[in-house]
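The first residue of the sequence shown is numbered 1, and numbering continues consecutively from there. Whatever order the structure lists them in is the order used to number ligands and atoms, beginning at 1.
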Amino acid sequence: MEKFNFKKKYGQNFIQNEDILNRIVESFDLDNEDIILEIGPGAGALTKKLIKFGNDVVAFEIDETLKEYLKGISTSNLKVIFKDFLEVNLRDYFGDSDKINVIANIPYYITTPIITKFIKENFIPKCMVLMVQKEVALRLCAKPKSSDYGAISVILNYFFDLDYLFTVSKEDFYPVPNIDSAIIKLNKKSANINLKSYEKFEKLVFDAFKQKRKNLRNNLKSYDLKKIEEILSKYSLNLTNRAEDLDYIIFVEISNII
Ligand code: SAM
């Protein structure tokens, strides 16, 4: 790829290490009928390995100048679509399929938009194997009472079981980025407590974490604190606790009654 003009604006740092590529694709537990959705195939380093599983692979790439690299790996089970993934309507391509496995080495600047896109379109993939910046990975997978735990950890915990799989050194990419990355795996939760309104839940969670050092009484001033207190007391908590003390289930329960 000596002549390729790597574009910073698309977060183009391609993986160069074969072992890492193998470890990523081996993180999936695919069934025969499953479909692989790849976001940002780049020059196809992961794609070449993914097609070998024999499952259908649908890849969305924003940069048309990568066409000449990707056309070399055309097989009957691969469809490459040159579109901005954030602009795509998922149901247009996948209907209501519950067999979607997402794989993406995501540019850092669209990590949250990509993950929340699935939630906002109410299209929760069976599994997602994502490469993100290491700090972001720690935040997404954080558990209550840790300093990395925040609004996005709570929201993802409602939909997925999250695992931090392994760290990838920045030296394993070309061009070499500024910081290390990590692979995380998100498995859709099989059963879950009912959520009445995602919008209410999301707002509550972001409000509760608005000022991280402040307690719930301060951050949730505009809510019916009596009702919130009732739920908290079930868990031996109260309004002097901080958002970081609350498991996602407590946020769901609160959002269901306000
Ligand atoms: N998958 C390759 C790899 O691991 O070596 C490339 C990963 S590179 C970090 C990110 C890729 O996502 C680039 O190919 C970039 O052009 C593509 N990309 C960036 N924004 C995108 C978007 N909104 N929709 C689809 N692809 C995008």
Side chain to side chain contact (heavy atoms under 4.5 Å, CB included) filter on Glu230, not counting sequence neighbours, yields none
Against the six-membered ring of Phe85, is Lys117 placed for a cation-pi contact (under 6.0 Å from the centre, within 45° of the normal)? yes
Just checking, Lys189 and Tyr248: is the charged tip under 6.0 Å from the six-membered ring centre and within 45° of the axis? yes
Examine the proximity of ligand 1 to Phe85 and report which part, side chain or backbone, both or neither, has a heavy atom under 4.0 Å away. both
Number the atoms of ligand 1 from 1 as they appear, then name those within less than 4.0 Å of a heavy atom of [X], with their elements.
{"X": "Gln12", "value": "13 (C), 15 (C), 16 (O)"}
{"X": "Asn13", "value": "8 (S), 9 (C)"}
{"X": "Gly11", "value": "8 (S), 9 (C), 10 (C)"}
{"X": "Pro41", "value": "1 (N), 2 (C)"}
{"X": "Tyr109", "value": "19 (C), 20 (N)"}

Kindly identify the option in Leu46, Leu66, Asp84 whose heavy atom sits closest to atom 22 (C) of ligand 1. Asp84
Which residue owns the protein heavy atom closest to [atom], what's the atom, and how far is it?
{"atom": "atom 19 (C) of ligand 1", "value": "Tyr10 O, 3.3 Å"}
{"atom": "atom 5 (O) of ligand 1", "value": "Ile15 N, 2.9 Å"}
{"atom": "atom 3 (C) of ligand 1", "value": "Asn105 ND2, 3.5 Å"}
{"atom": "atom 26 (N) of ligand 1", "value": "Ile62 N, 3.3 Å"}

Asn219 to Asp207 - nearest heavy-atom pair and separation: CB-O, 3.4 Å
Any N or O on [X] sitting closer than 3.5 Å to an N or O of ligand 1?
{"X": "Gly40", "result": "yes"}
{"X": "Ile106", "result": "no"}
{"X": "Glu61", "result": "yes"}
{"X": "Ala45", "result": "no"}

Are the aromatic rings of [X] and [Y] close, with centres under 6.0 Å apart?
{"X": "Phe14", "Y": "Phe6", "result": "yes"}
{"X": "Phe251", "Y": "Phe206", "result": "no"}
{"X": "Phe28", "Y": "Phe53", "result": "no"}

Check Asp98, Asp34, Ile100, Ile35 against Lys126 for a side chain to side chain contact (heavy atoms under 4.5 Å, CB included) and give me the one that passes. Asp34
Is the shortest distance from a heavy atom of Lys83 to ligand 1 less than 4.0 Å? yes
Close approach of Thr47 to ligand 1, heavy atoms, under 4.0 angstrom: no
Pairwise side-chain hydrogen bond (donor to acceptor under 3.5 Å, both in side chains) hits with a residue in residues 59-83, at least two apart: Lys7-Asp63, Lys7-Thr65, Gln12-Asp63, Asp63-Thr65, Glu64-Lys67, Thr75-Asn77, Lys83-Tyr93
Report the relative orientation of the aromatic rings in Phe209 and Tyr149; use parallel for angles under 30°, tilted for 30 to 60°, perpendicular for over 60°. perpendicular
Under 4.5 Å between side-chain heavy atoms, hopping through other hydrophobics if needed: is there a path connecting Ile103 to Ile184? no
